[in-house]
Amino acid sequence: MCGIVGYLGNEPVYEKVIKGLSRLEYRGYDSAGMAYIENGDLIVKKCKGKVVDLENVVGAVKPLSHIGIGHTRWATHGVPNDANAHPHCSGDGSIALIHNGIIENYATIKQELMNRGHVFLSDTDTEVLVHLIEDVRNAEGVSLFEAVRLALSEVHGAYAIVVIDKSNADQLIVAKKSSPLVIGIGAHDDFYIASDATPIIEYTKNVVYLNDDEVARVDRKTGLTIVNIDNQSQTPYIQALELRLEAIEKGGYDSFMLKEIHEQPRSIEDSIRGRVNLKTGLIKMSGIDEHEERWKTAQRILIVACGTSWHAGLVAEYLLEDFARIPVEVEYASEFRYRNPIIYPTDIVIAISQSGETADTLAAVELAKERGALIFGVCNVVGSSISRATHCGAYTHAGPEIGVASTKAFTAQVVVLYQIALSVAQKRGVISNERTTRLMAELGSLPLKVEQVLKTNALTESIAAIYQHCSNALYLGRGYSFPVALEGALKLKEISYIHAEGYPAAEMKHGPIALIDENMPVIVIATEGASYEKVVSNIQEVKARKGQIIAIVTEGDKTVKGMADHVIEIPRTDDSLVPIVSVIPLQLFSYHVAIMRGCNVDQPRNLAKSVTVE
Ligand code: G6P
């Protein structure tokens with residue numbers, strides 16, 4: 001959370017910073033700000049609100065400076081207001097700093113600095129850091145580069161920072177620990193700094209991902225210099241970006257969310273491509289093949305994740321237990337890491353994360369690694385922190401997901417986890433060839449089926465129009481559809497601010513049934529399969545209390561059609577693959593309800609896409 005950008009080059013900085021911040025706005029949009037050097041002055045412009053508000057603050061006369069930094073904030077310390085917006089400045093106004101992360105011991109440092117006469121203008125931990133750097137620089141008489149390194153060695157917490165100094169319009173100082181940061185190296189001695197590669201891709205493909213505890217200086221004359229926190233020189237490892245510019249633009253859709261929902265046939269296909277071989281009947285996943293013995297002998301699999309990724313983990317629990325017959329536990333990463341969990345060296349831990357940056361998931365990975373487990377990552381962002389911290393893994397090839405509410409990443413995660421479950425089942429010899437071949441063929445037909453279900457968009461929109469004013473909604477599903485009920489409810493509350501709960505259908509009678517009346521929409525996933533008849537009974541229980549049923553059914557269904565208020569048909573597929581198809585109308589339903597309520601679907605209030613704080 002929080003997006004940071006920096007630029008040092010030969011062109012005006014303003015457009016680069018504004019464009020970069022717009023690309024990173026998914027990371028937080030409580031406030032925006034920038035700092036640049038012009039005619040020897042360090043100028044800071046910032047305000048509560050979005051990047052567009054910052055543009056208004058800057059006004060018609062754009063800065064011409066060729067060096068600057070910018071920030072878009074998701075508030076942690078201090079309410080979203082102008083004073084708490086980044087950049088923050090040193091007491092003498094000579095240094096400005098932007099920060100993504102949390103300085104955990106800021107209160108102690110702040111007190112010490114106040115005792116030495118420092119005066120603070122904001123409630124943020126970040127302002128403490130820039131004052132600390134100023135204090136160290138003055139006390140030790142060292143360069144800014146060195147002062148940043150020394151100051152950071154006193155700091156506990158997470159940070160990605162960029163620092164600019166009024167007296168030197170030729171350099172920026174950058175540092176990272178547990179928050180993401182990438183440096184792009186342009187062809188003309190220009191440098192681009194950002195929280196992820198999306199602001200950089202347009203200018204250069206050559207990037208260096210800074211490692212934790214590294215401090216870097218980008219300088220017009222000396223180029224890129226990196227040291228670690230102990231002042232040992234580090235050799236920059238330059239990588240080529242594979243991201244395409246079109247992938248991070250709206251491509252004619254009104255919102256990223258709608259675009260991403262419609263991209264699912266392709267993202268599902270991309271997540272299968274090259275892994276499933278229908279001729280040999282085998283699934284190829286290097287992260288499994290290279291550790292075959294571990295997968296064969298594992299007594300248990302732990303899955304750690306947050307948010308939507310946790311829901312994908314729940315689907316994976318059913319898949320791995322059903323196909324591979326290994327006991328699975330699915331944990332919220334935030335709970336897992338703080339309760340002294342039992343982790344055996346024979347365990348395999350699967351960490352699922354779209355961004356690959358979620359702080360709790362990353363910390364859970366580190367913990368499980370220390371205890372000797374094999375860590376397998378399922379990430380979407382190539383080169384992200386979690387993908388680098390794991391022993392092995394499989395990427396979801398969903399492409400950049402920019403809408404804060406996750407859609408195509410979820411289906412891609414389930415597709416990848418599906419292949420993991422099948423591959424492990426094969427290696428353990430617990431699944432018949434006939435079943436694998438049938439399921440692989442079904443998997444391969446998903447892109448077409450998802451294409452077909454996207455055609456229910458108009459119907460879903462008309463149902464959304466009826467329920468757009470509701471205050472509560474209940475989502476029910478059973479077996480493989482239970483995690484989908486949770487995911488459907490999460491989507492609705494995230495973007496439309498309607499209270500919604502997902503429940504296992506049979507559990508409804510142990511509490512939620514008390515909430516049902518004629519105003520309560522109950523969205524039920526009632527597709528054909530093992531628990532169809534039981535779910536039909538649950539629908540009757542809802543109808544007996546006058547609840548409004550919106551049912552997701554298998555095409556051609558007659559029974560539910562006769563009872564439900566609305567039905568959305570989805571193509572027939574194996575029970576185990578239903579989540580990938582049935583979640584689509586739920587995504588569309590939330591989208592339309594949110595739009596009808598005037599909500600910003602790409603940037604829902606209070607949320608951020610990449611949660612890099614605990
Ligand atoms: C945030 C996002 C969710 C996401 C969750 C986990 O809360 O808004 O959409 O599911 O983080 O993110 P990850 O990147 O680890 O999948």
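In each ligand, atom 1 is the first atom listed, and ligand 1 is the first ligand listed.
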Problem set entry | Atoms in ligand 1 flagged as close to T308, the criterion being non-hydrogen separation under 4.0 Å |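 Matching atoms, with element in brackets: 10 (O).
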Exercise. With a 4.0 Å heavy-atom cut-off (strictly under), which part of A608 contacts ligand 1: side chain, backbone, both or neither?
Worked result: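 Only the backbone of A608 comes within reach of ligand 1.
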Say whether [X], considering both its backbone and side-chain N or O atoms, lies within less than 3.5 Å of an N or O atom on ligand 1.
X	answer
T361	no
Q413	no
I352	no

Exercise. Could a heavy atom of L607 be found less than 4.0 Å from some atom of ligand 1?
Worked result: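 No, L607 has no heavy atoms under 4.0 Å from ligand 1.
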For this session: Decide whether the shortest distance between a heavy atom of A405 and an atom of ligand 1 is less than 4.0 Å.
Result: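 Under 4.0 Å: no for A405.
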For this session: Determine whether the side chains of H262 and N457 contain a donor N or O and an acceptor N or O closer than 3.5 Å.
Result: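 Checked: H262/N457 side chains show no N/O donor-acceptor pair below 3.5 Å.
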For this session: Check step by step if side chain to side chain donor-acceptor pair (under 3.5 Å) holds for T204 and Y192.
Result: CA-CA 9 Å; T204 178; Y192 302 83; over 6 Å; no
Exercise. Could K250 and F256 be counted as a cation-pi pair, given that NZ or CZ must be under 6.0 Å from the ring centre and within 45° of the axis?
Worked result: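 Yes.
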For this session: Give a yes or no answer on whether the side chain of S255 reaches the backbone of L258 with a donor-acceptor pair at less than 3.5 Å.
Result: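 Yes.
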For this session: Give the minimum heavy-atom separation between V453 and T456, together with the two atoms involved.
Result: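 Shortest heavy-atom separation between V453 and T456 comes out as O-OG1, 2.6 Å.
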